[in-house]
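First the structure, in the form of structure tokens, and then the observations on it.
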Amino acid sequence: MQQVNVHTPKGWMNDPNGFIYYKGEYHLFYQHFPYAPTWGTICWGHMTSKDLVSWEQHDVALFPTKPEDQNGCFSGSAVEKDGELHLFYTGVHYDQADPDNINKAIEGQLTSAQLHVVSPDGYTFDNFTKKSVIIPAITDPTVGDRTHTRDPKVWRGEDAWYLVLGSNIDRKQGEVLFYRSEDLDHWELVNRSLLDPSYGWMCECPDVFEVDGRDVFISSAMHKEAGMIDTSVWTMADFDPKTCDFKTTTAPEPIDYGHDFYAPQTTMDAEGRRVMIGWMRMPEPVDGEWIGMFCAPRVVKVVDGRVHFSLHPAIREAIAAGKVGVPGSNRARLVKTMMHDGEYINVGGFIVWQEGGHIYTDRSIVYRPNESHPYLQSATPEAGAENEIEILAGDHIVEVYVNDGQYVISNVVYGLDHTLSTNSADIAILGF
């Protein structure tokens, strides 16, 4: 399936999980309810690619079988050890299910634990005998939350394996918990770090990594305030692997200035670049069949002390070579220009323009807002008088990259057509 912005062919999709380059292929798992385009008892869907462009869907990889995950296999990550693929995820057990829909818990009535599964080849998953609980549910409220502790991200350090979890204290302040292991089976809590209130009450999908010689922290901040949308953010950080002492060193900034991007996960690509994929939240299913998709892969870089998220070169190369962008479903189009104040581009009804050095977008013509997804316009901080713009447009998503990922605006769309109009004098078009 040649598809820049991947989605499940049927059912529900949310967070990317277990994103890894393993034995010459990219494995990408995802939160999945296969029976309907709505959130339900979550499994792990599975797809693979050799180039980050053409993806092949596989059978469900993980599904509930144990008391600790009987109501869902929530988000997690993957690493390779001795040629085997190790998956880590949050299992949930409903203390009290909704009597009208057992796929949901009565609010707050669930317990979370962290589980481990080993696959010999990345395609075979024994859900019945190869699962183990590596971190039981937290029972001490001064350490973390029994319900809202989740999303293990595991990586190899110089001397050991490390794992970070998102949690909170008293449902008021987000935190991250750091664990260390010698064998991936036995884990010790080493340290914890409370986060600034700007991260909201809960830190989801934490990810700590080094890029260009700097420690970077990305996470998805959950907010309770009226009118606040849960937002994925980045910050520079300092992490000491000997003590797992961790602190953020800059204020959090959005990874994406659109309204739908969430729950990103990173890995290293075949060329050793840090690459990221994130979930795009959708207000309604497509053709009543599927809902939820992923943004295009992005390369994570540090430029002048700030994190940039640029379109992965594999996507540009594939579109330029005509490997994607054929008429019909899953087409991709790429528009490049230098933009100045007063200039605009209308890509199939999605409008991008510059004013006062800011880049603005408007999807009013190609979106159907509802009560939970009312947002139509987006804007970046001030970027400059002249800005390099790349617009990647698919059937149901438009991604706007400003100055090679200095800022990105991504938004879900419905009914995007195949027209283009602009008053820009300098423009290059691929895929139309």
Side-chain angles (χ1 to χ4, degrees), residues 1-20 26-49 52-64 69 71-78 87 89-92 101 103-104 125 150-151 204-205 207 220 229-230 232 255-256 258-267 275-298 329-330 332 367-368 370 372-373 392 394-399 410-414:
M1 172 170 59
Q2 293 179 322
Q3 187 177 334
V4 171
N5 305 107
V6 292
H7 62 80
T8 179
K10 188 174 182 178
W12 169 274
M13 168 191 275
N14 61 296
D15 305 7
N17 300 151
F19 187 27
I20 187 172
Y26 295 95
H27 287 253
L28 181 57
F29 303 86
Y30 54 93
Q31 298 283 273
H32 183 39
F33 184 62
Y35 305 112
T38 186
W39 194 92
T41 300
I42 294 296
C43 306
W44 273 31
H46 182 204
M47 63 180 76
T48 57
S49 174
L52 293 172
V53 177
S54 299
W55 293 89
E56 181 181 358
Q57 291 279 354
H58 303 284
D59 291 340
V60 166
L62 300 183
F63 52 85
D69 73 358
N71 297 109
C73 302
F74 281 19
S75 292
S77 57
L87 305 182
Y89 68 97
T90 299
V92 297
N101 182 355
N103 289 287
K104 298 182 179 181
F125 306 93
R150 53 181 171 266
D151 309 336
E204 292 193 296
C205 306
D207 196 352
S220 296
I229 187 172
D230 297 343
S232 296
I255 293 173
D256 192 295
H259 299 299
D260 307 315
F261 178 92
Y262 199 68
Q265 186 167 109
T266 73
T267 191
V275 58
M276 179 189 74
I277 285 181
W279 171 42
M280 297 298 294
R281 297 170 286 195
M282 303 180 76
E284 62 182 63
V286 175
D287 300 326
E289 292 290 323
W290 60 269
I291 189 169
M293 63 191 312
F294 293 155
C295 71
R298 301 172 183 178
S329 180
N330 302 322
Y367 191 70
R368 296 185 285 275
N370 63 26
S372 61
H373 292 76
L392 179 66
D395 280 347
H396 295 287
I397 178 176
V398 179
E399 303 175 48
S410 302
N411 280 303
V412 166
V413 294
Y414 297 81

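Positions are given from 1, in the same order as the sequence printed here.
- Here H27 contributes atom NE2 and M47 contributes atom CE; the two are 12.5 Å apart, rounded to the nearest 0.5 Å.
- Residues satisfying the salt bridge (Lys or Arg N to Asp or Glu O under 4.0 Å) criterion with D256, sequence neighbours excluded, are R298.
- In this structure, OH on Y89 lies 11.5 Å from CZ on F74, to the nearest 0.5 angstrom.
- Classification of the Y262-W279 ring pair by plane angle, with boundaries at 30° and 60°, yields perpendicular.
- Note that CD1 of I397 is 5.0 Å distant from OG of S410, once rounded to the nearest 0.5 Å.
- Ring-plane geometry between W290 and H396 is classed as perpendicular, the angle between the planes exceeding 60 degrees on a 0 to 90 degree scale with a lower cut at 30.
- For D59, the CG atom is loosely surrounded, since the number of other residues' heavy atoms within 6.0 Å does not exceed 12.
- The line from CD1 of I277 to CG of D15 is 13.0 Å long, rounded to the nearest 0.5 Å.
- Contacts of E289 classified as salt bridge (Lys or Arg N to Asp or Glu O under 4.0 Å), with partners at least two apart in sequence or in another chain: none.
- The minimum heavy-atom distance between S220 and A263, with the atom names listed, is OG-N, 3.2 Å.
- Residue M276 holds its CE atom at 13.0 Å from OG1 of T267, rounded to the nearest 0.5 Å.
- Nearest heavy atom pair, residue H259 against residue R281, reads O-NH2, 3.5 Å.
- With Q31 contributing its side chain and C73 its backbone, the two residues share a donor-acceptor pair below 3.5 Å.
- E204 contributes no side-chain N or O that, together with a main-chain N or O of S232, makes up a donor-acceptor pair within less than 3.5 Å.
- Among all heavy-atom pairs drawn from V60 and C43, the shortest one is CG1-CB, 3.7 Å.
- To the nearest 0.5 Å, atom CD1 of residue I42 and atom NE2 of residue H32 are 9.0 Å apart.
- Between P16 and L28, some side-chain heavy-atom pair lies under the 4.5 Å cut-off.
- Within the 3.5 Å criterion, the main-chain N or O of C295 finds no donor-acceptor partner in the side chain of E399.
- Panel note: side chain D69, backbone G91; no donor-acceptor pair is recorded below 3.5 Å.
- Side chain of S49 to backbone of S54: a donor-acceptor contact under 3.5 angstrom is found.
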Task: Y30 vs V6, side-chain contact (heavy atoms from CB on, under 4.5 Å): CA-CA, chis, key distance, verdict - done: CA-CA 11 Å; Y30 54 93; V6 292; over 6 Å; no
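- Between H7 and F294, the distance separating the two ring centers is not shorter than 6.0 angstrom.
- Shown here for P37 and G288, the closest heavy-atom pair between the two residues is CG-O, 3.6 Å.
- A side-chain donor-acceptor contact under 3.5 Å links Y414 to the backbone of E284.
- Considering only residues two or more places apart in sequence or on other chains, Y35 meets the side-chain contact (heavy atoms from CB on, under 4.5 Å) condition with F33.
- Within the 3.5 Å criterion, the main-chain N or O of N17 finds no donor-acceptor partner in the side chain of S75.
- Between T8 and K10 the shortest heavy-atom distance is OG1-O, 3.0 Å.
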Open item on the list: Show, in sequence, the C-alpha distance, side-chain angles and deciding distance for N411 and V398, and conclude whether the side-chain contact (heavy atoms from CB on, under 4.5 Å) test is met.
Closed with: CA-CA 6 Å; N411 280 303; V398 179; 5.9 Å; no
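- Relative orientation of the F29 and F125 rings is perpendicular, given thresholds of 30° and 60° on the angle between their planes.
- Scanning all heavy atoms of the two residues, the minimum distance from V412 to P283 falls at CG1-CD, 4.4 Å.
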